[in-house]
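Written out below as structure tokens is the structure these notes cover.
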Number of protein chains: 2
Amino acid sequence: MPSVPAAASGLRASVLTDDLSFLLARANALSLVAGNAALSAHGLKVRSYSVLALVASGSRPSQRELAEFLRLDPSQVVSLVDDLQSRGLVERRADPRDRRANVVVATAAGRALAERARESAREAEARAHAQLTAAERESLAALLRRMAFPDD
Amino acid sequence: MPSVPAAASGLRASVLTDDLSFLLARANALSLVAGNAALSAHGLKVRSYSVLALVASGSRPSQRELAEFLRLDPSQVVSLVDDLQSRGLVERRADPRDRRANVVVATAAGRALAERARESAREAEARAHAQLTAAERESLAALLRRMAFPDD
DNA sequence: TATTGTTATACTCTATAACTATA
DNA sequence: TATAGTTATAGAGTATAACAATA
């Protein structure tokens with residue numbers, strides 16, 4: 001999104017401003033660029049950070065579980081894990097209960113990087129969402145959680 | 001997102017579940033597929049619908065204003081308007097005050113389609129967000145609006 | 001017969017740079 | 001000198017199908 005400087009448009013009070021899907025898309029776009037910018041210092045993007053953070057928390061998920069949780073295709077998880085593994089941040093372990101499945105675990109370096117990256121992500125989020133109070137952010141998170149996980 | 005059936009993962013209570021950016025991304029992903037599915041009956045996607053809806057509301061935006069509001073690159077707006085124009089839904093008019101600029105206006109057919117598509121989008125949204133009450137949806141919209149338009 | 005991980009491929013989306021005509 | 005629209009292109013991201021190993 002390069003060459004788009006400021007220009008007050010008469011669109012702010014338009015039909016879409018009431019559209020939850022549109023607001024979601026626009027807020028997500030802003031949050032995505034802020035997140036990627038903050039994580040680039042660690043060689044990560046929101047995508048790869050999400051995988052690393054989940055794995056580093058010790059959940060020992062299979063690639064299949066990562067795909068479902070992050071709403072990615074299993075084939076996309078392959079390349080994300082490939083990348084993290086080539087950098088020594090995660091490892092694939094055979095699941096003793098199902099020899100088809102790979103369980104993904106973080107290395108010590110992976111856990112350390114996840115910790116540092118998480119700091120950066122939190123700071124960036126706080127800056128990006130500075131117009132909301134902590135209480136507002138919590139209630140926003142609660143509402144979004146119910147939209148993001150409708151089965152719960 | 002094809003081959004990902006159900007599988008209860010132990011990831012629901014993970015680090016990311018508190019992450020506003022992650023929740024935003026996941027909720028947006030769900031809302032996007034629901035929106036695209038609902039609009040496909042009218043030959044539209046959320047992208048092209050957004051342009052059509054803004055133009056049909058009578059705002060007479062320039063392509064430049066559309067790009068800024070929808071957070072698209074101006075070059076992407078070119079192809080969106082090309083497509084809508086080739087289907088007789090919108091027209092480009094020279095801006096008398098700036099001969100560089102195109103003002104985009106909807107045809108009668110465009111306004112009619114926008115109206116019908118809006119119905120479908122509303123129904124789909126109501127279905128997709130059924131786990132929230134109307135009051136909750138309104139407060140979610142208000143919070144998202146402040147995140148989506150931080151300059152206001 | 002179905003599922004996990006994988007590979008391959010095509011398609012959409014996004015980002016970037018350069019050109020033109022105007023300002 | 002800068003801006004609106006356009007074109008072209010390359011890179012991400014996404015969707016789909018097929019295969020081997022295993023269940």
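Worth knowing before you read on, the calculation uses all heavy atoms, side chains too, and leaves out hydrogens, waters and symmetry mates. Order of the sequence lines fixes the chain letters, A, B, ..., with proteins taken first and strands second; residue numbering starts at 1 for each chain. Nothing here was measured: the structure is a model prediction, and the numbers come from that model.
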Quiz prompt | Pair listing, salt bridge (Lys or Arg N to Asp or Glu O under 4.0 Å) test, anchored in residues 14-39 of chain B, at least two apart | solution = A:Arg145-B:Asp18
Pull out every protein N or O sitting under 3.5 Å from an N or O of nucleotides 20-22 of chain D, one pair per line with the distance.
none

Quiz item: Which residues satisfy the side-chain contact (heavy atoms from CB on, under 4.5 Å) test with B:Ser48, sequence neighbours excluded?
Solution: B:Leu44, B:Lys45, B:Leu80, B:Leu84
For residues 98-106 of chain B, which side-chain donor-acceptor pairs fall under 3.5 Å, sequence neighbours excluded?
{"unit_1": "B:Asp98", "atom_1": "OD1", "unit_2": "B:Arg100", "atom_2": "N", "d": "3.0"}
{"unit_1": "B:Asp98", "atom_1": "OD1", "unit_2": "B:Arg100", "atom_2": "NE", "d": "3.1"}
{"unit_1": "B:Asp98", "atom_1": "OD2", "unit_2": "B:Arg100", "atom_2": "NH2", "d": "2.9"}

Distances under 3.5 Å between nitrogen or oxygen atoms of protein and nucleotides 8-11 of chain C:
none

Quiz prompt | ring pair (Phe, Tyr, Trp, His ring centres under 6.0 Å) contacts in which one or both residues fall within residues 123-152 of chain B, not counting sequence neighbours | solution = B:Phe69-B:Phe149
Quiz item: Excluding sequence neighbours, so at least two apart, what forms side-chain contact (heavy atoms from CB on, under 4.5 Å) with A:Leu32?
Solution: A:Asn36, A:Val46
Quiz item: What residues in residues 46-55 of chain B put a non-hydrogen atom under 4.0 Å from any atom of DNA chain D?
Solution: none
Quiz item: So which of residues 82-90 of chain A are in contact with DNA chain C, with a heavy-atom cut-off of under 4.0 Å?
Solution: none
Self-check item: Fellow cluster residues of B:Val33, listed by chain then number, with links counted only when side-chain atoms sit under 4.5 Å apart
Solution: none
Quiz prompt | Within residues 121-138 of chain B or reaching into it, pairs that qualify as salt bridge (Lys or Arg N to Asp or Glu O under 4.0 Å) - sequence neighbours excluded | solution = A:Arg146-B:Glu136
Quiz item: Who are the side-chain contact (heavy atoms from CB on, under 4.5 Å) partners of B:Ala94, not counting sequence neighbours?
Solution: none
